[in-house]
Chemist: 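To start, I am sharing the structure in question, which I have written as structure tokens.
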Amino acid sequence: MKHWFLKMAAMSITMCAALGMEAQSIAVIPQPAQVERQAGTLLLTPDMTLAYDELLEEQATYLKQVVYRSTGFQWKTETRAKRADIVLKIDKQQVPQEEGYHLVVDSKRVLISGHDAGGLFYGIQTFLQLLPPAVYSSALQPDVEWRVPQVSIADAPDHPWRGMMLDVARYFFDKEFVKKYIDMMAMYKLNKLQLHLIDDSGWRLEIKKYPRLTEVGAWSGKDEKRLGGFYTQDEIRELIAYAAVRNVEIIPEIEFPAHMLSAVAAYPWLSCTGVQHEVPRQHFISRDLMCVGKETSYQFLADVLEETVNLFPSNYINIGGDEAVYDRWKECPLCQKVMEREGLKNVADLQGYLTNVVADMMAKKNKTVVGWEEIIQRGKVDQQVVAVMWHGVKDTIQATQSGHKAILAPATHLYLDFPESKTPGEIKAATWMPPISLEKCYSMEMNDYSPESTVMGVQGCFWSDQFIHGTILQELEPLNENRSENYAEYLTFPRLLAVAELGWCKTAQRNWPDFHQRIRTHYTRLDYKNCNYRIPEPDIVSMKEKEGKIWFELASPIEGASILYTVDGSYPHTHSKTYTGPVAVDTKTDFRAVTMTDSRRCSLPLYFAPDYSAYKQYGTFVAEWSPRTIAPDAGKWRFETTGKMVGNGTYELTFVRTRGKSPLNLGTLIQYKREEKLTEVAVQGKLDASHSTLTYRVEMNEFEAGLPFYIEVDTRPEEGNDVFGFVFVKKVE
């Protein structure tokens, strides 16, 4: 079987080289292992017959429903019809690898063979990707000709674990959004959904024996500020059935011993102290752990996990296990007795002891324990477990050395709650590590899989704690907004497609320029799926200096999208110039360009950050000005200092003139907190060729975290308005 797939991958490389651009026109994601493109197409018609093996009724119904919504075709369905126009069948001899498929489209019919129902479903997904993007529409598309290229595709995944983690604990996403997330995963052949059901800020799973877990632990805040929700067991069964048709295995995460303040708020006796807490409305990591010295704690875990594994058919149960701080265990006499009884030297070994107890408990139910990497770092764990490695790719050596399995989910590449860029205007997102671009996500180191491999696969992670970090991002129900869902999709897509190809393809198949070219055709598909993806900035084909000018040559990253641009540093809008060919500017910081889709959604602009290194003595960059921001006559200029002036004290604000001929007079400076006037500084000065800097000293006495702060300064240009410059801030006392 292994040799069959290696041979298939080698054939793919040879075939692509032979077919050249014709093979590349098959823009499937993830990239299939073997593609043989034939001349011609097959036209789908309403009078076709769909035949399927008896065990594939759900998959046949799925295909029929998807096609019907956009085409209106009501295909007849039959079982075991050899001469049908579209045939779905299981054929383990032709397709020997699990989740593999073989898709053949010729001049007369479509034949999709799968090793199993999952592989057959993936053959359907590839077939849909070969059709016009409008096939994903939920509304009838009468003007589309439904042609599919004649092709033979043999394909199978390289890794058995290709997943996403969706955090529904810190912010609750309802059942329908989870279904949509499953749909989008399945579209790109991801097969594992880790539902992060438990955290300090929410308990999202109904447990019959402990009703207060959802009566109390699922909610934070009061009255109109109340947030939260949970899934009933019937809703979970509905989600599991929905996912099963789409070959997605839902793996529940029941987090302990840390990140479970929501349970402690419901049942204070779970903690070492027994202190009553409330479910937090703002994000923080609680120091309260589940007490490992009480028999009631183990009974609680046994009861909760019993209901959980009876509900979820997955062979895996995720127990979390990350970020535990052991101060409570050090102070707890009951926990210390366990250490003494078990001969444990370090308090961290108590977590290993707890993991062993649970792993043994789960082994009796034929379940494998999964958890964050800490579960193999805190004491010796006897049962083989699966560690989700979230710090770095190289950390999998820890799993290899200790005889455990691993999933790659490093925050450096696969935490999709980080933004894609530092471009001004980028969405509010996690900041504790650098942004993760689509290319960086795709380019993560990932070795090929074999049954002997430590690494089983890959998993992207979307954390929702930004919803409880100061600014509240969730929807406003009276306005029927769904901003939380749009926010989650914006950060997940298009990077989910990169995660999918990482998990599906062998190393030799992964090629960033090729992926970048293929993904151009998928944004329209995401549009039809009503997915709020992040629109990529225009591609820079070349940027050359010639005759004192900088010349930009651009290309649209989305098939059919246009590019709008400006050359004065202003933000492009719908009436800006449309790019038709190379553009020349004096300095690259003056050039802005956005991608505009047919739906009139646009990207952030191309952005070239100025070089501030020559001004480091003035402190942190705050703002820049240009003729478009300064009134041509006497006026006021306002800019934001939130996050730059942090804490009370004395600050110096320095205005630096960088270019231009005309003098600029600066006058009274006023500091605001929101619209509340705080301080006023009366300084008169002129920035001209002989005086390029002017400094104001400002007292901050009413700082308040989370609130916006602004500076407003009087400006009056002389002899025209052509001056450019920066503002910097430095705390001096």
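All values derive from a computational prediction rather than experimental measurement.
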Chemist: Is the NZ or CZ atom of K192 positioned over W161's six-membered ring, under 6.0 angstrom from the centre and within 45° of the axis?
Modeler: yes
Chemist: Is it the case that the side chains of W390 and Q459 hold a donor-acceptor pair, with the cut-off being a distance below 3.5 Å and no angle test?
Modeler: no
Chemist: Which pair of heavy atoms, one from Y242 and one from K179, lies closest together, and at what distance?
Modeler: CE2-O, 3.5 Å
Chemist: Between R510 (side chain) and E501 (backbone), is there a donor-acceptor pair under 3.5 Å?
Modeler: no
Chemist: For a quick test of reading the model, state the closest non-hydrogen atom pair linking S314 to I251 and the distance between them.
Modeler: OG-CG1, 3.5 Å
Chemist: Please determine if E445 and K394 form a salt bridge, counting it only when a charged side-chain N lies under 4.0 Å from a carboxylate O.
Modeler: yes
Chemist: Between D155 and Q31, what is the shortest heavy-atom contact and its length?
Modeler: OD1-O, 4.4 Å
Chemist: Does D85 reach the main-chain N or O of T49 with its side chain, forming a donor-acceptor pair under 3.5 Å?
Modeler: yes
Chemist: State whether the side chain of R246 and the backbone N or O of D183 hold a donor-acceptor pair below 3.5 Å, judged by distance alone.
Modeler: no
Chemist: Which value, rounded to the nearest 0.5 Å, describes the distance between K440 atom NZ and L414 atom CG?
Modeler: 10.5 Å
Chemist: To the nearest 0.5 Å, what is the distance between CD on Q34 and OG on S152?
Modeler: 6.0 Å
Chemist: First locate atom CG of L42, then atom CG of L131, and finally report the distance between them rounded to the nearest 0.5 Å.
Modeler: 9.5 Å
Chemist: Check step by step if side chain to side chain contact (heavy atoms under 4.5 Å, CB included) holds for E206 and E307.
Modeler: CA-CA 9 Å; E206 179 189 26; E307 287 196 36; over 6 Å; no
Chemist: Would you please name every residue forming a salt bridge (charged side-chain N to carboxylate O under 4.0 Å, His left out) with K180, sequence neighbours left out?
Modeler: E489
Chemist: Using distance alone, with no hydrogens and no angle criterion, decide if T454 and H404 have a side-chain donor and acceptor under 3.5 Å apart.
Modeler: no
Chemist: Do V28 and R518 touch side chain to side chain, with heavy atoms closer than 4.5 Å?
Modeler: no
Chemist: For the residue pair Y181 / T492, report whether a side-chain donor-acceptor contact shorter than 3.5 Å exists.
Modeler: yes
Chemist: Do Y316 and Q194 touch side chain to side chain, with heavy atoms closer than 4.5 Å?
Modeler: no
Chemist: On the 0 to 90° scale, with breaks at 30° and 60°, tag the H159-Y449 ring pair as parallel, tilted or perpendicular.
Modeler: tilted
Chemist: Could you please spell out the steps behind the side-chain hydrogen bond (donor to acceptor under 3.5 Å, both in side chains) verdict for D527 and Y136?
Modeler: CA-CA 9 Å; D527 279 329; Y136 295 105; over 6 Å; no
Chemist: Classify the side-chain pair T45/D47 by whether it contains a donor and acceptor separated by less than 3.5 Å.
Modeler: yes
Chemist: Determine whether I558 and R520 make a side-chain contact, defined as any pair of heavy atoms from C-beta on separated by less than 4.5 Å.
Modeler: no
Chemist: Does P557 offer a backbone N or O that forms a donor-acceptor pair with the side chain of H516 under 3.5 Å?
Modeler: no
Chemist: Kindly give the heavy-atom pair with the smallest separation between V499 and G163, and that separation in Å.
Modeler: CG1-O, 3.9 Å
Chemist: So N191 and F121, do their side chains get closer than 4.5 Å, heavy atoms only?
Modeler: no
Chemist: Could you point out which residue of K64, E58, Q65 forms a side-chain contact (heavy atoms from CB on, under 4.5 Å) with T61?
Modeler: Q65
Chemist: Kindly compute the distance separating CD1 (I124) from CD (Q59), expressed to the nearest 0.5 Å.
Modeler: 6.5 Å
Chemist: What residues, two or more places apart in sequence or in another chain, satisfy salt bridge (charged side-chain N to carboxylate O under 4.0 Å, His left out) together with K364?
Modeler: none
Chemist: So, do L497 and F515 sit near enough that their side-chain heavy atoms are less than 4.5 Å apart?
Modeler: yes
Chemist: Hey, mind stepping through L111 and K89 against side chain to side chain contact (heavy atoms under 4.5 Å, CB included) and telling me if it holds?
Modeler: CA-CA 8 Å; L111 173 61; K89 68 175 185 175; 4.0 Å; yes
Chemist: Looking at every heavy atom in both M361 and A302, which two are closest together, and how far apart are they?
Modeler: SD-CA, 3.7 Å
Chemist: Counting distance only, does the side-chain N/O of Q141 pair as donor-acceptor with the main-chain N or O of V135 below 3.5 Å?
Modeler: no
Chemist: State the CD-CD1 distance between Q384 and I376, to the nearest 0.5 angstrom.
Modeler: 10.5 Å
Chemist: Can you see which heavy atom on C461 is nearest to which on W372, and at what distance?
Modeler: SG-CH2, 4.0 Å
Chemist: Can you tell me if R495 uses its side chain to pair, donor with acceptor, with the backbone of I436 under 3.5 Å?
Modeler: yes
Chemist: Of N318, L305, V309, which is the lone residue that meets side-chain contact (heavy atoms from CB on, under 4.5 Å) with I254?
Modeler: L305
Chemist: How are the rings of H196 and W463 set relative to one another: parallel (under 30°), tilted (30 to 60°) or perpendicular (over 60°)?
Modeler: perpendicular
Chemist: Considering only heavy atoms from C-beta outward, does the side chain of I375 approach that of V381 to under 4.5 Å?
Modeler: no
Chemist: Step by step, would you call M165 with Y415 a side chain to side chain contact (heavy atoms under 4.5 Å, CB included)?
Modeler: CA-CA 9 Å; M165 188 282 296; Y415 268 33; over 6 Å; no
Chemist: Apply side chain to side chain contact (heavy atoms under 4.5 Å, CB included) to the pair L103 and L130, showing each step before the final yes or no.
Modeler: CA-CA 11 Å; L103 167 64; L130 296 176; 3.8 Å; yes
Chemist: Consider only side-chain N and O atoms of E99 and Q97, and report whether a donor and an acceptor are under 3.5 Å apart.
Modeler: no
Chemist: Just say parallel, tilted or perpendicular for the rings of Y122 and W504, cut-offs at 30° and 60°.
Modeler: perpendicular
Chemist: If you count the non-hydrogen atoms of other residues, nucleotides and ligands that lie under 6.0 Å from CD in E176, is the total more than 12?
Modeler: yes
Chemist: What is the distance from atom CG of L195 to atom CD1 of I250, rounded to the nearest 0.5 Å?
Modeler: 5.5 Å
Chemist: Check whether any side-chain N or O of E54 sits under 3.5 Å from a backbone N or O of T79 as a donor-acceptor pair, and report yes or no.
Modeler: no
Chemist: Taking the side chain as everything from C-beta on, heavy atoms only, tell me whether N447 gets closer than 4.5 Å to S453.
Modeler: no
Chemist: Compute the ring centroids of F172 and Y231, then answer whether they are less than 6.0 Å apart.
Modeler: yes
Chemist: Keeping the roles fixed (side chain from D158, backbone from D448), state whether a donor-acceptor pair exists under 3.5 Å.
Modeler: no
Chemist: If we count only N and O atoms by modelled type, under 3.5 Å, do the side chains of S437 and E439 hold a donor and an acceptor together?
Modeler: no
Chemist: Tell me whether Q509 contacts the main-chain N or O of P32 through its side chain, where contact means a donor paired with an acceptor under 3.5 Å.
Modeler: yes
Chemist: Report yes if some heavy atom in the side chain of M362 is under 4.5 Å from a heavy atom in the side chain of Q383; otherwise report no.
Modeler: no
Chemist: Just by modelled atom types, is the H115 backbone N or O under 3.5 Å from a matching donor or acceptor in the K92 side chain?
Modeler: yes
